[in-house]
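Single-structure report; data block below.
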Amino acid sequence: MTSPFESPDFPAPIPEAEQRTLDACFLGPYGENDSLLERLVVEFLRDHVHWRRNFHPEDPPAIPTRASQHPAYQAFEARMRNELHQLSAALKRSVPFHSPRYVGHMVSDLLLPGLAAQILTLPYNPNNVTEDAAPVTLRLEMQAGLQLARMLGWPDDPKRPDCAIGHLTSGGTLANFQSLRLALALKGFPVALRAAGVPDPALPEDDWQAFNCGPAAGIELLGKWRRWLAGQSPEDRTRWRARVEGRRIEHLGLHAFFERHPTLRPPVVLAPITAHYSWSKGIKMIGLGRDQLRLVAARGMRLCPEALEEALAACERDRQPVLMAVGVLGTTEYGTIDPIAAVVDARARFGARGLGFSIHVDAAWGGYLTTLFRHPDGRLRTLDEVRQDYRQFPMPEIHAAFAALERVDSVTIDPHKLAYLPYGAGAFVCRDHRAMSLLTEQADYVFDSADSAGDALDHRHFGQFIPEGSKPGAMAAAVYVAHRVLPLDHANFGLIPRHTVQAAEAFQERAERFARETADHVHAIVPFPPDSNLVCLALNPRGNRDLARANAFLQRIHARLNSDPAQPIQIKQFFASTTSIRPAVLGLADMHRILDALGIDPATMAEEGGADRLFILRHTLMNPYLIDHENRISFIDRYFQYLKTCVEHA
Ligand SMILES: *Cc1c(COP(=O)(O)O)cnc(C)c1O
């Protein structure tokens, strides 16, 4: 059956087995898998109830059967039902993330294995702050961290002394914060060792060297210190431990620490100007200020390696310590991917000259795209291997960025974004778990047998070093089960991002056709080539030269494409989001190139009146049914047909 909307260049069908696997992944745009989810929920709810009963079956039911006949019980039930009905009715105004008509923000349908695992676990209510309260799910959280580490190409065998570690957070914001905390602890620790007068001839010579020796040397010093400590008598051990602890930055606070070490200054964080605003939040949370967050210029919405080089050279010259360089793997606004390999290379060069710092990759969005680059046996897929599945993706520099993940110190990944899990799931993954013991609240880490692989890897200690306290074990179960059902490699989980990247390529192509078809009315361009599955579109009515008017035009179009709480959602045909591009982020040359292509006079850029930036449409292509092969409907095609009518109206 063909649809009247069918486009002549409808994509070739995908292999049947692949399509059917995908079909089992989600509840589906129409709720097609309702009975599957219902069976799972009912089955495991019953299972839970049996578990309750079988705990001590000799205990009789405390709630009598007749209780439900009492008016007070019934009044309570009525109130509860009433409220639930109102809630359920109100929720009908929610944004239809599940629909292939939704190409707005970074959210889509939910992955069934994760959703079912979460629902299954909820009534057990495990609290992953400690093993006492989560004997099962804490272990799953640690496993989920190792699953992510393996995906990144890091050591994931807990028997290895340098095994990676990962834990969940409420989201990417807290995972980024955790990376700052860890980097600061690791940076300050060698200074504390020196200040305590620990008798080790191999300690850095002065404060500057100690503060800038870099994370690998810091971890090594930590290990040596622990081994040394283990050889002391119990009294000496306690005394030395207290001496070092009392000189750490975490103990003294930033002010007293830098007062005691006058050759040092509070360190800066170098992040691309495209970085998420969680970095601004995070830098304040660790007690530094916005002034210590140095935003590095981007080119084509990717961190510019020369600008990073310049920033580092300036720090070196001014004896300004650097806490961390941040690379973004999939920017929130544009989906662009920073040259991680260049960041790693810059660290090697500056580190060798005595300016050591940590590297964190904010892959809250793009983290799971790494599955596209991994063989099931853990090897990296070559550029040519990955390329087979796409028209253009990945550009060689994108492949290089993913390959370089192996050499960074820590990574943020959001399971609640590209792993299609319910909100409340971010992850912080650290390449060498030994560093994490510096975050523990109690310093008993130094008491463990000095040559053990390290206590931090022991999941029982999780509560000691996570930024949160109590947290949902159900979330850990969801992430773990999703990773088990769809292992994090291209042959399994990769199925999903492969479809979304293919959809993004189809979208870009269709956008170019849209531009040709509507050329009489508007200038339409994809302002920069998408690196992943986010595609932006800039529009300007023909004849208009004024930036503010172009923005007003785009806002009128977007008004038809956004969610409006005052209206029933069914009125909306499609959902898209907007973002803006500013010369400060894009660079003046690129800004001019884009304005020129749109026929806008760059001289109409102004500080005031909303003309300091260009508003553009932003499309996140996550939904697995954007191209519905079953009904031969391309929602991408339909979106552009609709956009055409929006343009005509605007
Ligand atoms: C979404 C996002 C964050 C923040 O993550 P939350 O889960 O919203 O806290 C940070 N960095 C990037 C690149 C993101 O895309």
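First listed ligand is number 1; within each ligand, the first listed atom is number 1. Please read these numbers as outputs of a predicted model, since none were measured by experiment.
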For this session: Looking only at distances, please establish whether an N/O atom of ligand 1 is found under 3.5 Å from an N/O atom of Gly172.
Result: yes

Problem set entry | Mode of Thr412 contact toward ligand 1 - side chain, backbone, both, neither (heavy atoms, under 4.0 Å) | neither

Exercise. Any luck finding a side-chain donor-acceptor pair between Gln147 and Arg150 under 3.5 Å?
Worked result: no

Exercise. Should you measure from each heavy atom of Gly330, which atoms of ligand 1 turn up under 4.0 Å away?
Worked result: 13 (C)

Exercise. Which word best sums up how the rings of Tyr102 and Phe575 line up, parallel for under 30°, tilted for 30 to 60°, or perpendicular for over 60°?
Worked result: tilted

Exercise. Does Lys417 reach ligand 1 with a nitrogen or oxygen that is under 3.5 Å from one of the ligand's nitrogen or oxygen atoms?
Worked result: yes

Exercise. Is it the side chain (CB and beyond), the backbone, both or neither of Thr173 that lies under 4.0 Å from ligand 1, heavy atoms counted?
Worked result: both

Seminar exercise, completed: side-chain contact (heavy atoms from CB on, under 4.5 Å) test vs Leu488 passes for just one of Leu152, Leu148, Thr370, namely Leu148

For this session: Under 4.0 Å from a heavy atom of Ser278: give me the atoms of ligand 1 that qualify, with their elements.
Result: 10 (C)

Seminar exercise, completed: Counting from 1 in the order shown, the ligand 1 atoms closer than 4.0 Å to a non-hydrogen atom of Ala364 are 2 (C), 3 (C), 10 (C), 11 (N), 12 (C), 14 (C)

Exercise. Taking the six-membered ring for Trp, are the ring centroids of Tyr368 and His483 within less than 6.0 Å of each other?
Worked result: yes

For this session: Measure from the ring center of Phe177 to the ring center of Phe428 and say whether it is less than 6.0 Å.
Result: no

Problem set entry | Pairing residues for Arg302 by the salt bridge (Lys or Arg N to Asp or Glu O under 4.0 Å) criterion, not counting sequence neighbours | Glu397, Asp531

Exercise. Is ligand 1 less than 4.0 angstrom away from at least one heavy atom of Ala363?
Worked result: no

Exercise. Could a heavy atom of Thr331 be found less than 4.0 Å from some atom of ligand 1?
Worked result: no

Problem set entry | Which of the ligand 1 atoms, numbered from 1, are nearer than 4.0 Å to a heavy atom of Asp362 | 10 (C), 11 (N), 12 (C), 13 (C)

Seminar exercise, completed: the protein heavy atom lying closest to atom 4 (C) of ligand 1 turns out to be His276 CE1, 3.3 Å

Kindly list each side-chain donor-acceptor pair under 3.5 angstrom involving residues 103-123, sequence neighbours excluded, with atom names and distances?
from, atom 1, to, atom 2, distance (Å)
His105, ND1, Arg618, NH1, 3.2
Asp109, OD2, Gly28, N, 3.0
Thr121, OG1, Ala117, O, 2.6

Problem set entry | Geometric N/O contact His416 with ligand 1, under 3.5 angstrom | yes

Exercise. Is the distance between the ring centroids of Phe615 and His558 under 6.0 Å?
Worked result: no

